[in-house]
Amino acid sequence: MENQIDTQMEQRKGRRLVLFPLPFQGHINPMLLLATILHSKGFSITIIHTNFNSPNPSNFPNFTFHSIPDGFSESEASSKDVVFLAKLLNTKCVEPFRDCMVKLLSDVSEEPISCLISDAFFYFSQAVADSLKLPRVVLRTGGLSSFVVFVAFPLLRERGYLPIQDSQLEEPVAELPPLKVKDLPVIDNVDPDSYYEIIAGMVNESKASSGIIWNSFEELEQSELDTLRQEFPNPIFPIGPFHKYHLTSSSSSLLAQDQSSISWLDKQAPKSVIYASFGSLAALSEAQFLEIAWGLANSNQPFLWVVRPGLVRGSEWLEPLPSGFLETLNGRAHIIKWAPQLEVLAHPAVGAFWTHNGWNSTLESICEGVPMICMPCFTDQKVNAKYVSQVWKVGLQLENGSDRLMIERCIRRLMVEKEGEEIRDRISKLKDKAKFCLQQGGSSLQNLDSLVSHISKLES
Ligand code: UDX
């Protein structure tokens with residue numbers, strides 16, 4: 001048996017995979033983790049990346065990196081409109097990406113390329129791959145649950161759920177229980193037609209690909225997986241959680257992670273700390289930021305808060321906080337610009353995660369058994385939050401625009417009351433499931449074997 005595995009590894013040593021991450025933190029992290037997993041299976045790895053938000057190649061000496069120009073102007077590169085940026089990337093990267101692929105494919109000194117693995121939101125790369133007769137496998141970095149909703153967008157538009165009308169926010173979406181209209185994965189203040197266009201590109205070109213990889217696991221999203229397997233002709237591989245493979249992997253963080261958070265956590269009581277972080281893209285109004293600050297302060301729990309520069313619209317960093325705010329809390333609060341989040345969530349002092357429910361954060365919290373306070377901002381985060389609070393029941397959702405009193409009440413329910421204990425029990429069971437799927441015979445490891453054998457059979 002062992003000899004057979006060695007021979008298969010040897011055969012794959014002659015094969016190269018080209019990976020192409022979307023240049024945003026929540027997409028770069030899972031793609032580089034996937035690269036590490038596939039490298040451990042014997043494949044050689046080449047990463048093509050844009051100059052914009054480039055990962056640091058020196059952290060990954062086993063991979064070959066190729067940078068392509070994204071063609072962004074200075075004002076485009078500083079835009080906060082993710083829909084605009086996604087559309088731009090799918091236009092401006094076409095030629096540089098194609099040129100880079102042509103060079104790689106014609107380089108006889110390197111191993112032959114089995115396939116391209118690109119982010120679902122780099123939908124333009126399907127046509128490029130087709131024209132080069134190169135199979136493309138997709139990595140969808142979000143969950144299956146939100147993807148099912150994205151697949152239903154044409155139907156939701158036809159039936160009048162989209163675009164969302166304020167008068168319908170509380171109405172159920174009968175076709176997608178338990179979602180209400182307010183949970184649909186949209187973004188406020190962007191051009192709806194551009195948004196529908198990138199969602200359609202993402203869904204349709206994923207469907208046209210040679211397979212889709214998910215950073216999720218069967219036991220978490222079984223019924224959504226069944227739905228997609230019925231609707232999609234191509235194979236689907238949920239092989240997550242990627243960060244729990246116990247492989248040595250380097251950080252792909254674009255911002256420096258402040259290690260002072262760990263020494264501060266070391267001094268706190270077990271399960272007492274609220275870790276609050278709203279990911280790499282979300283932005284808050286100053287009024288919202290202040291309600292969060294007072295809600296945390298008034299909760300009487302210690303808190304570790306990531307305030308990313310740019311989190312508060314119109315501010316550099318902490319200027320909106322009243323002077324002396326931190327001092328009055330007597331060491332009960334620690335505010336940083338960016339955390340080593342995986343280490344923080346795994347720390348015994350952390351008792352709850354107040355999150356925007358980006359998919360990575362949601363999955364990372366589940367894997368450590370940390371219950372969540374959900375405050376989604378846009379897109380898939382809204383669906384993830386609904387699943388956390390109403391389907392898996394491992395967190396509480398804060399309604400949009402909650403004030404300091406509502407926040408304080410929510411923290412009490414989770415940290416002090418019986419309801420919180422029940423939530424803690426449920427997430428601890430889910431954590432076990434996340435662990436089992438990566439043990440021998442577990443669903444994700446089996447799906448990884450199927451993926452590796454599928455990729456090995458693809459021919460360019
Ligand atoms: C974006 C989208 O907003 C989200 O809807 C989609 O699901 C993924 O991409 P983002 O804001 O980047 O999400 O959040 P998330 O998916 O949670 O990813 C953030 C990553 O950064 C996580 O892997 C997290 O561990 C890491 N992180 C976050 C840090 O390392 N330090 C921090 O302080 C905060």
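Start at 1 and go down the list; that is how both ligands and their atoms are numbered.
- Annotation for ligand 1: atoms under 4.0 Å from non-hydrogen atoms of Phe378 are 3 (O).
- The distance from ligand 1 to the heavy atoms of Gln25 drops below 4.0 Å at these ligand atoms: 21 (O).
- Under a 4.0 Å criterion applied to the non-hydrogen atoms of Ser277, ligand 1 contributes the atoms 34 (C).
- Those atoms of ligand 1 with a heavy atom of Gly26 less than 4.0 angstrom away are 9 (O), 12 (O), 18 (O).
- Ser206 and Arg140 are not linked by any side-chain donor-acceptor pair at a separation below 3.5 angstrom, with hydrogens and angles left out of the test.
- Among protein heavy atoms, atom 12 (O) of ligand 1 sits closest to Ser280 OG, 2.5 Å.
- The closest approach between His356 and ligand 1 falls below 4.0 Å for a heavy atom of the residue.
- Glu364 OE1, 2.7 Å is the protein heavy atom nearest to atom 25 (O) of ligand 1.
- The protein non-hydrogen atom at the shortest distance from atom 17 (O) of ligand 1 is Ser361 OG, 2.5 Å.
- Residue Gln257 approaches ligand 1 through these ligand atoms, each under 4.0 Å from one of its heavy atoms: 30 (O).
- For ligand 1, the atoms lying closer than 4.0 Å to a non-hydrogen atom of Ala339 are 29 (C), 30 (O), 31 (N), 32 (C), 33 (O).
- Looking at ligand 1, you'll find an N or O of Asp380 within less than 3.5 Å of one of its N or O atoms.
- Ser361 and Gln341 form a side-chain donor-acceptor contact under 3.5 Å, judged by distance and modelled atom types alone.
- For atom 18 (O) of ligand 1, the candidate residues are Asp258, Asn384, Leu281, Asn360; the nearest heavy-atom contact is made by Asn360.
- A side-chain contact (heavy atoms from CB on, under 4.5 Å) with Leu34 is found for one member of Thr141, Leu139, Leu17 and no other, namely Leu139.
- There is a side-chain donor-acceptor pair under 3.5 Å between Trp338 and Ser253.
- Of all atoms in ligand 1, listed by their number and element, those nearer than 4.0 Å to a heavy atom of Asn29 are 20 (C), 21 (O), 22 (C), 23 (O), 26 (C).
- Checking Asp81 against Ser79 by side-chain atom types alone, no donor-acceptor pair falls below 3.5 Å.
- Proximity to His27 (heavy-atom distance under 4.0 Å) selects the following atoms of ligand 1: 9 (O).
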Residues 308-322, side-chain donor-acceptor partners within the protein, below 3.5 Å, at least two apart:
from, atom 1, to, atom 2, distance (Å)
Arg308, NE, Ser280, O, 3.4
Arg308, NH1, Gly279, O, 2.7
Arg308, NH1, Ala282, O, 3.2
Arg308, NH2, Ala282, O, 2.8
Arg313, NH2, Ala283, O, 3.2
Trp317, NE1, Val307, O, 2.6
Glu319, OE1, Trp317, N, 2.6
Glu319, OE2, Glu316, N, 2.6
Glu319, OE2, Trp317, N, 3.4

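- Looking at Trp338, Phe242, Phe24, Phe278 and measuring to atom 32 (C) of ligand 1, the nearest heavy atom belongs to Trp338.
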Checking Phe63 against His39 for the ring-ring contact (aromatic ring centres under 6.0 Å, His included) test, could you report, in this order, the C-alpha distance in whole Å, the side-chain angles of both residues, the deciding distance, and whether it holds? CA-CA 9 Å; Phe63 306 161; His39 185 259; 5.7 Å; yes

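- In this structure, Thr379 is part of the shell of residues with a heavy atom less than 4.0 angstrom from ligand 1.
- Between the side chains of Asp226 and Gln230, no donor-acceptor pair is found at a separation under 3.5 Å.
- The residue from Gln341, His243, Lys382 that puts a heavy atom closest to atom 28 (C) of ligand 1 is Gln341.
- Using a 3.5 Å distance cut-off with no hydrogens or angles, the side chains of Ser216 and Glu221 do pair a donor with an acceptor.
- In this structure, His334 and Trp264 have parallel ring planes: the angle between them is below the 30° cut-off, well short of the 60° mark.
- For ligand 1, one of its N or O atoms has an N or O atom of Gln381 under 3.5 Å away.
- Asp266 and His347 share a donor-acceptor pair across their side chains, judged by distance under 3.5 Å alone.
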